[in-house]
Amino acid sequence: MAENLSKTYDPKEFETRIYEEWEKGGAFAPSEDHSRKPFTIVMPPPNITGKLHMGHALDQTLQDFLIRFRRMQGYNALWIPGTDHASIATEVKVADKIRAEEKKTKEEIGREEFLKRVWEWKEEYGGTIKQQVRKLGSSCDWSRERFTMDEGCSRAVVKTFVNLYKKGLIYRGNRLINWCPKCGTSLSDAEVEHQDKNAKYYYVRYRGADGGEGLVVATSRPETMFGDCAVAVSPQDERYKDLIGKKVIVPIVEREVPVIADPYPDPEKGTGAVKITPAHDPNDFEVGERHDLPKWSCLNDDATMNKLAGKYEGMDRYACRKQLVKDLEEAGWLIKVEDKVIPIGECYRCGTVVEPMLSDQWFVKMKTLAEPAIEAAKKGDLIHVPERFEKIYLHWLEDIRDWCISRQLWWGHRIPAYYCDDCGEIIVETQAPDKCPKCGSTHIHQDEDVLDTWFSSALWPFSTLGWPDETEDLKYFYPTDVLVTGYDIIFFWVVRMVFSGLEAMGEVPFRYVYVHGLVRDAQGRKMSKSLGNGIDPLQIISDYGADALRFMLINGITPGNDMRFVVEKLDSSRNFANKLWNASRFVIMNLTGEDGEFLPMAGTPQGIAALPLKDEDRWILSTVNSSAAEITANMEKFELSLAAQKVYDLIWNNYCDWYIEFVKSRLYGDDEEDKKVARKVLVKVLKDLLKLLHPVMPFITEEIWSCLPREAGEITEENPQGWLIRQSWPVSDESLAFPQEEELISLAMEAVRTVRNIRAEAGAVPSRKVRAVVAASGKTAEYLKRAERHIMTQANVSEIRYIEDRSEVTEEVLSGVITGAEILIAMDDLMDYRAEEERLSKEKKKLEGEVERVGKKLDNENFVKKAPEKVIQAEREKLEKYQDMLSKVTERLNIVEKKLQK
RNA sequence: GGGCGUUUAGCUCAGCUGGGAGAGCGUCUGCCUUACAAGCAGGAUGUCAUAGGUUCGAUCCCUAUAACGCCCACCA
């Protein structure tokens, strides 16, 4: 790594280099030593659909923070990286690309060729993503990298499917599913987004078959009338009592359907009579099941009307609706139309309105699988951070319905089900069968469909560790420790991993779920491609460095809450990095002895404590020592933001602003022995601070660390290069607790601040030394005397006189009160009256000019008449302000002049 | 229809199971003091959304209310 630090902080100079060295040196891989406790995270695999966005950057940073912290704490840390094939999303993207570039559909290209193209896409985008993850500094073990469609994960998928099928938990059925007409595939319930939309209720009369009035039904989808097979009413509904059992005629369709009594219709809603279309509505489907009604589907897969629709055949569902309503109206069957807000289901990928359709699909039976997952959360085997997400998790599992897992797509895991062409037998096996076990036929074909992409993601925590094989990794690293993810995929992913893990492994896949929010733009809007408000993490890294980005993403966030991406926060993070950089340069500059060699360090806490330490040494050692304990506790409780904030404070406010300043006079002094002590403390503390900061800012800390002298214990067999990434985490040590010195230096700091304050408020000449009088007694006096050196140097005081009684001072003074004491400074000392007179005169002149200028403006009739009220008001306020300032300056100038005359 | 979150300094947000109201940015004043002007020193700014309640004491707990946002929900 670097030999010494360049003059200015330039992350470009070292971030890439350091990452390469880490990776080459095996810094991310866990040890083979399985006697140590493991700490495992599996990375939520980014989709290979495109590049990483800011949300990924947050996700990665949080995980890397945790894994680095635990690694340093001594856990055998493993973070498994990988990518997701993202079945439907990728298929759509690649199909779009082919359509745009070659003007061909995927059908025209053919399944085999299409899949070849997708694999090429995967190589390209998967590669980009991996590079981005590296740029962010993620310390994941690339030797264990996985892909949801690699050989192992595919075996896991097949194995799981077969297992669940044999247990009767996966079945094939002709049921109502969500159908996306554009993507041409079924969707799970989770993949449908409900949106409230303005729509209409159409009230349509179904006349009696006996020539009677019949009844009126309300529907928002009249085009489904072609699938109507009954009209249901509540048995309690007096209005329709006489119609039950009779027939009514569906207009236009001119089909006789029975009026049936069923508990489903709510007499309060609509007309109380519901047209029943089992093939296009989930509720109707159930009614149909209860009454053994036929299930007539009137839609094609592309949402056009089928032959059941008669003359409307071939029309799009909405065109048909429009025409049908018109026809109904003309025929007199349309009673009224009502505006209504109705929740509409849309495809989460393409936004097309989803159609409930009757279809042969594969389903996972959820009830039995959900139960242990519910239990796990209730027992505390699974803990959500923050807690409130447990409620969401439970609620979803508690009224879960069966999961439709087959997709009419090509890119994905093909369903391991085989059909005998001769006898129709269904064979579900891990290996394709040679012949039908029932009839012996060799005419067998595999199911054309693939699985829901989330079926394979659900296995991620154990498929990545080698399952279904009983690998060493699986035994040692499962269950994993924490899953970090955004709240937007709890249902898609977290829930399914939990029940899958419990089913396959008998244990929850992770102990903690750390849920983070979304990264929004500066206005609080979701970052999206359509808005074009996305921010590329790589661009930010190139402008500010990965460390600054990471710190910015961690700082000021709360688990589960969204954050805004504000560029100013990056400046602040970068400035912090620069601050640390320069402080380190200062330390390193002062490290070497006359011969240019590093001075021997003191090593252990006991070694440091045994040195002839000064008060300020003890203060900083003690402060860092106790803060380390707090910071550790914060991190263990996932309070990462608080932890980062505390390290920031420690570095900037304690170490840089105070300790380094305290110690300068010693470093520049003649006492060689004491100089060494100061150096040792400087380095010891800097090292601890670098360790504490490393999880959030890994690059800069490693770079600085590499420039500091190595000591015993820092180079080990596991860490031959002595890298920071593998150093041990600071543990608070009793030998470094110095409460008395903490109190003493705090008091000194108060005194310094007070004197500075007085000086600044009095407008004293900065370079001018002042004499101070300290009125204090007892311990306070004693401490302040002990800290006299600091007060003098830090506050530019030339002399301190101690008194017990404040009334001893009779001259004109300014004073400030600190804990247990008062500090007084003579007015005469504060001011160079000549200089002050000059300054005030200048100031006065300037102000007079301003007053005159604004005054003139306001005296101008045209201005007052024509300018907007706001501007006039602002000018008036300005005038007032300047006049006020002028009178103060004048007053002060008078005093100064009087002093000069004396 | 059900549930949840947010509301704290001009802006972005912290506030770790009730006891001093904070940070960064911005702003104002003074400083190029040999680590750092991406800096140093100092200052100003808040009825912690509103109304009640519990408590010796509430930004924090309870109950309402409002605004904004989010999630879930089988579209008669």
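Not measured: the values here are computed from a predicted model. Naming: A, B, ... by sequence-line order, numbering from 1 per chain.
- Between A:His194 atom NE2 and B:C74 atom P there is a gap of 4 Å when expressed in whole angstrom units.
- For A:Pro282, whose side chain is taken as the heavy atoms from C-beta onward, the closest listed nucleotide among B:C25, B:C4, B:C74 is B:C74.
- A close approach under 4.0 Å does occur between a side-chain nitrogen or oxygen of A:Thr558 and OP1 or OP2 of B:A14.
- A:Thr224 pairs with exactly one of A:His280, A:Lys275, A:Arg321, A:Glu355 by the side-chain hydrogen bond (donor to acceptor under 3.5 Å, both in side chains) rule, that one being A:Lys275.
- Residue A:His395 places its side chain closer to B:C72 than to any other of B:C74, B:C4, B:C72.
- Taking 4.0 angstrom as the limit, A:Lys391 places none of its side-chain polar atoms (N or O) nearer than this to OP1 or OP2 of B:C71.
- As judged by a 4.0 angstrom heavy-atom cut-off over every strand, A:Arg574 is placed among the base-contacting residues.
- One C1' atom belongs to B:U59, the other to B:G30, and the distance between them is 35 Å to the nearest Å.
- One interatomic measurement links the two molecules: CG of A:Asp657 to C1' of B:G42, which rounds to 13 Å at whole-angstrom precision.
- Other residues, nucleotides and ligands contribute over 12 non-hydrogen atoms within 6.0 Å of the CD atom of A:Gln523.
- Taking atom C1' in both B:C60 and B:G15, one finds a spacing of 9 Å when rounded to whole Å.
- Distance from the side chain of A:Ser572 is smallest for B:C25 among the nucleotides B:C25, B:C75, B:G39.
- Taking the side chain of A:Arg388 as heavy atoms from C-beta on, and the options B:C74, B:A14, B:C4, the nearest nucleotide is B:C4.
- The interatomic distance linking A:Lys579 (NZ) with B:A23 (P) rounds to 17 Å, in whole Å.
- Distance from the side chain of A:Glu568 is smallest for B:C25 among the nucleotides B:C75, B:C25, B:A35.
- Here B:G69 presents its P atom at 14 Å from CD of A:Gln195, a figure rounded to the nearest Å.
- Aromatic ring centres of A:Phe65 and A:Phe638: separated by at least 6.0 Å.
- Residue A:Phe285 is out of contact with every strand shown, counting any heavy-atom pair closer than 4.0 Å.
- Heavy atoms of other residues, nucleotides or ligands lying less than 6.0 angstrom from CD of A:Glu387 number 12 at most.
- As rounded to whole Å, 9 Å separates atom C1' of B:G5 from atom CG of A:Asp562.
- Atom CD in A:Gln794 sits roughly 11 Å away from atom C1' in B:A41 (whole-Å rounding).
- When heavy atoms are screened at a 4.0 angstrom cut-off, A:Arg221 is found touching base atoms of the nucleic acid.
- Heavy atoms of A:Asn634 sit under 4.0 angstrom from at least one base atom.
- Here the CD-CZ distance, from A:Glu223 to A:Arg317, works out to 8.0 Å after rounding to the nearest 0.5 Å.
- Searching all strands for a Watson-Crick or G-U wobble partner of B:A67 with both distances below 3.5 Å returns B:U6.
- Rounded to the nearest Å, the gap between the P atom of B:U7 and that of B:A41 is 31 Å.
- Note on A:Gln645: only backbone sugar-phosphate atoms sit closer than 4.0 angstrom, heavy atoms only; bases stay farther off.
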### Message
Evaluate A:Tyr348 against A:Glu193 for side-chain hydrogen bond (donor to acceptor under 3.5 Å, both in side chains), listing each step before the verdict.
### Response
CA-CA 6 Å; A:Tyr348 82 137; A:Glu193 282 175 355; over 6 Å; no

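- In this structure, A:Leu667 places its CG atom 20 Å from P of B:U33, rounding to the nearest Å.
- Distance check on atom C1': B:C40 versus B:A35 gives 12 Å, rounded to whole Å.
- Pairing for B:U29 goes to B:A41, judged as Watson-Crick or G-U wobble with the two contacts each under 3.5 Å.
- Applying the Watson-Crick and G-U wobble criteria (two distances, each under 3.5 Å), B:G1 pairs with B:C72.
- Atom pair A:Tyr318:OH and B:C75:P shows a separation of 15 Å (rounding to whole Å applied).
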